[in-house]
Amino acid sequence: MKKRRHSWVDVGDDEPPRKRKYKSSRLDSHPIKKKVKRPDSAEGSGKPKTSSIQEQRNQLPIAHGKDALVRELQENDVTVLVGETGSGKTTQVPQYILESGISGRGMIAVTQPRKVAATSLATRVAQEQNVSVGGLVGYSVRFDEASSQNTRIKYVTDGMLIRELLSDPLLSRYSVVVIDEAHERTLRTDLLLANLKTIQKTRNSYTGGKKGKEPASKQNPLKIVVMSATLDADKFSRFFGNAKILYVQGRQHPVTVYHTANSQPDYVDAALRTFFQIHTDQPPGDVLIFLPGQEDIENLDKSIKLYADRLPKDAPGVAVYPMYAALPAHKQAAIFSSAPQGMRKCILATNIAETSITIPGIKYVIDTGKCKEKRYISRDTGSGFDTLLTKDITQSSAMQRTGRAGREGPGFCFRLYTEEAFSAMPLSAEPEILRCTLTSSILQLKCLNQDLETLDFMDKPDTESVGSALATLYLLGAIDDTKALTKLGRDMAFLPLEPPLARALMASVEFACTLEVLNIVSVLSASSKLFIDTTESRETAAEARRKFRHPSGDHLTVLNIVKSYEEMHKSQGKSGRKEWCKKQLLNERCLLEAVDIKKQLSTSCERLGIDWKVSCGEAEYPILKSLLRGLVHQAAFLQPDGSYKQIMGPSTVKIHPGSSLCDKKVPAIIYDELVYTTHIYARGVSSVPRSFIAEVSVLNRRRSG
DNA sequence: GAGCACTGC
């Protein structure tokens with residue numbers, strides 16, 4: 001048989017996606033001129049009404065190509081599998097691998113970027129195998145695990161597999177690793193891909209990748225399956241020595257796409273007009289509008305309500321639901337309830353609705369084509385800051401948003417940008433590794449003895465960004481002046497914290513205030529924000545915060561809140577605690593997550609021989625000194641004009657308006673992060689005596705031994 | 001005096 005390298009193999013019975021053009025036509029100002037159908041495949045006939053789980057499995061698009069797929073997986077060490085949503089690849093491929101014996105005696109790991117995905121997929125696949133989750137099929141995510149000695153298929157978050165890498169650098173328990181959602185190119189996916197390539201070379205005694213010439217020394221070979229959406233498949237294939245690309249058809253209802261004839265600089269106004277055009281001209285069906293951020297959502301919310309009131313009395317009403325991450329949980333939950341009788345539901349969402357949340361019943365999507373992107377600007381030594389600015393989305397994002405209209409039936413998508421603008425969009429987002437802080441990743445790679453210069457990344461991070469991370473690690477005492485990992489650095493990497501917070505926690509041992517610092521870093525490293533901050537409640541929230549305010553600033557204010565929360569729990573129990581949070585406008589999600597993190601960190605501390613119960617009582621200096629050890633590179637001095645000048649770095653920063661120290665002119669500050677929006681703002685700020693700062697940068701290194 | 005997309009250990 002002729003070797004077919006780097007070619008598309010059609011596993012399903014449809015044409016490969018490169019031939020499918022996303023035809024679309026212009027939409028003249030707003031009146032709808034012409035519509036074009038998305039040339040979609042399987043005219044979603046929907047799920048069969050009643051069928052056994054096995055029948056459902058057999059009806060998935062991927063089932064048609066099962067034999068061909070299994071054959072390819074058997075023959076190739078690396079396979080790139082392209083499949084759209086609804087193809088069933090994530091649930092079926094691991095089962096095919098298991099059932100066909102490809103995985104031998106080893107386990108199959110399937111990675112996911114998000115926790116919910118990992119746990120729910122494991123549950124689904126366990127059902128299909130007719131076993132309970134945690135047996136043959138299990139999962140492992142932070143704070144939650146269901147697996148046993150019998151587990152053969154394990155769904156894990158990519159971060160979890162990286163943790164496993166630290167204790168088992170060859171991932172020897174696994175014979176197959178499936179990297180799912182690889183097109184998202186998260187920092188952790190890229191780290192895994194780079195490491196997997198090295199691991200496979202070692203375990204398979206690579207001889208150039210020629211089929212049928214496997215060396216006899218191959219004891220415990222590793223197979224890699226990379227699963228991705230269509231756009232980046234070639235790149236993954238090239239990265240793995242022109243690995244075979246297989247294509248699987250998806251299942252999605254057709255969505256009619258419209259573009260505007262002219263660009264719409266005022267996209268909020270354009271969204272408003274488009275919404276009412278749909279509302280008055282189109283049949284019933286819910287509307288989902290994608291906007292970049294909270295501010296736009298709040299404005300559009302007001303405008304829609306204003307105009308809806310002016311509609312004729314007999315016209316159907318509009319029920320508006322905002323949806324973004326900072327919204328309190330009970331308001332987020334509201335979007336899943338159906339609209340009041342005779343009203344059209346209109347959801348205003350950030351890209352939280354693009355992948356994280358699926359809202360049922362959406363027939364119309366309005367896409368502003370904008371999103372906010374966090375980007376790290378690295379300067380000289382550790383003085384970089386994050387920006388959070390509105391920018392154009394990518395083509396894959398646009399297609400994802402469009403797809404949200406076709407989940408349950410044929411739908412419509414109104415793009416508030418021209419067809420030309422769509423064509424000009426980048427295909428997919430720039431990988432995170434090129435725009436994020438690398439401090440934590442580089443510390444982990446150091447623990448794996450990986451040489452950054454020789455490690456093969458899909459996209460190599462730029463030298464400036466690596467240099468900045470190395471400089472930060474050196475300042476924190478995690479590496480020495482030969483860039484070698486220190487004992488302190490190894491301990492820091494063991495803690496599930498960002499290096500600055502890990503350093504602060506390690507320092508707390510020295511200052512005998514571990515309990516306090518543990519409480520603070522647990523909240524700081526929680527993924528949700530502590531304060532609920534919507535425009536309408538901003539004043540009330542600030543008022544509530546004043547009660548907990550500590551004169552030294554935000555870190556000790558956080559500590560006061562944690563203490564009150566714990567007391568509230570002791571005296572009032574779970575429901576009292578919840579009520580209390582609501583009243584104080586505190587986000588309980590953050591505090592609950594902090595409780596989990598604290599539990600995990602205290603276990604980690606015990607393993608490192610640290611007594612985490614050591615407390616400094618009411619003293620504040622030990623706490624500030626500990627924090628300063630981690631935040632040396634994030635400190636600034638007051639200038640005569642009231643602004644702050646970074647100690648390491650060129651920038652002048654302001655204290656963020658949400659901080660308890662805003663407008664308090666203290667001589668020196670440390671901060672959790674810098675964010676550039678309208679100014680460079682320092683967030684999470686504490687006041688420290690100037691004298692503390694000078695001594696720290698020297699001390700950090702001296703004690704790192 | 002002004003405002004913050006989304007994840008992970």
Side-chain angles (χ1 to χ4, degrees), chain A residues 111-118 140-145 156-167 181 184-192 290-299 323-327 349-357 370-375 386-391 393 397 400 429 432 435-436 440-441 443-444 447 492-499 501-502 525-539 541-542 593 596-597 600-601 603-604 642-643 654-659 661-664 673-679 681 683-684:
Chain A
T111 72
Q112 293 294 319
R114 284 164 290 277
K115 292 201 284 190
V116 267
S140 177
V141 302
R142 192 183 188 186
F143 307 132
D144 196 6
E145 175 161 14
V156 298
T157 45
D158 43 18
M160 208 67 197
L161 200 60
I162 288 175
R163 276 281 142 189
E164 271 192 52
L165 210 53
L166 293 178
S167 59
E181 313 287 4
E184 289 190 23
R185 298 292 308 279
T186 66
L187 181 54
R188 288 169 297 277
T189 294
D190 275 19
L191 283 180
L192 277 177
F290 283 103
L291 292 143
Q294 181 180 338
E295 196 185 354
D296 287 329
I297 289 176
E298 285 173 348
N299 288 334
M323 180 71 204
Y324 48 87
L327 205 64
T350 60
N351 49 9
I352 192 171
E354 203 176 291
T355 48
S356 312
I357 288 176
K370 303 283 176 190
C371 67
K372 289 208 183 188
E373 186 191 73
K374 196 168 189 170
R375 182 174 286 270
D386 287 324
T387 60
L388 192 60
L389 302 170
T390 301
K391 59 171 286 182
I393 59 170
S397 232
Q400 184 73 36
E432 262 182 16
R435 54 187 170 89
C436 287
S440 187
S441 310
L443 182 59
Q444 285 169 341
C447 289
M492 282 165 61
F494 180 73
L495 296 168
L497 289 170
E498 291 299 322
L501 296 182
S525 67
S527 58
S528 37
K529 293 265 178 287
L530 178 57
F531 299 110
I532 290 171
D533 194 26
T534 59
T535 309
E536 50 175 14
S537 64
R538 204 153 269 163
E539 271 312 301
E593 202 184 331
D596 280 337
I597 295 171
Q600 191 187 27
L601 283 174
T603 311
S604 306
S643 67
K654 287 185 171 183
I655 295 179
H656 192 276
S659 167
L661 283 184
C662 185
D663 277 348
K664 302 267 184 299
E673 60 174 350
L674 288 185
V675 175
Y676 177 74
T677 50
T678 52
H679 289 97
Y681 285 109
R683 306 181 58 216

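Residue numbering restarts at 1 for every chain, and letters A, B, ... go by the order of the sequence lines.
Scanning atom types as modelled, one donor and one acceptor separated by under 3.5 angstrom connect the side chain of R683(A) and the base of dC4(B). Side chain Q112(A) to base dG8(B): no donor-acceptor pair is found below 3.5 Å.
Put simply, the side chain of E373(A) reaches to within 4.5 Å of the side chain of R435(A), judged on heavy atoms. Inter-residue side-chain proximity for S659(A) and R683(A) is flagged as unmet; no heavy-atom pair is nearer than 4.5 Å. Side chains of R114(A) and E184(A) form a contact here, defined as non-hydrogen atoms less than 4.5 Å apart.
Y676(A) has its OH atom 17 Å from the P atom of dA5(B), to the nearest Å. Across the protein-nucleic acid pair, R435(A) atom CZ and dT7(B) atom C1' stand 11 Å apart, rounded to whole Å. When rounded to the nearest whole Å, the span between CZ of R185(A) and P of dG8(B) equals 19 Å. Whole-Å rounding puts the Q600(A) CD to dG8(B) C1' distance at 11 Å. Note: CD (E354(A)) to P (dT7(B)) measures 12 Å, nearest angstrom. The CD1-P distance, from I597(A) to dG8(B), rounds to 11 Å in whole Å. Put simply, CD on E432(A) is 14 Å from P on dC9(B), counting in whole angstrom units. Here dG8(B) presents its C1' atom at 15 Å from CG of L165(A), a figure rounded to the nearest Å.
Nucleic acid contact for E498(A): base, since at least one base atom lies under 4.0 Å from a heavy atom of the residue. Within 4.0 Å (heavy atoms only), T186(A) reaches no atom of the nucleic acid at all.
With no hydrogens or angles considered, no side-chain donor-acceptor pair links S525(A) and E498(A) at under 3.5 Å. The closest side-chain donor-acceptor pair between N351(A) and S397(A), if any, does not fall under 3.5 angstrom.
The listed nucleotides are dA5(B), dT7(B), dC9(B); the one nearest the side chain of R188(A) is dT7(B). Comparing atom distances between the P657(A) side chain and each of dG1(B), dC9(B), dG8(B) picks out dG1(B) as nearest.
Using a 4.0 Å cut-off, no side-chain N or O of K115(A) falls inside it from OP1 or OP2 of dT7(B). Between S525(A) and the phosphate of dC9(B), there is no side-chain N or O to OP1/OP2 separation shorter than 4.0 Å.
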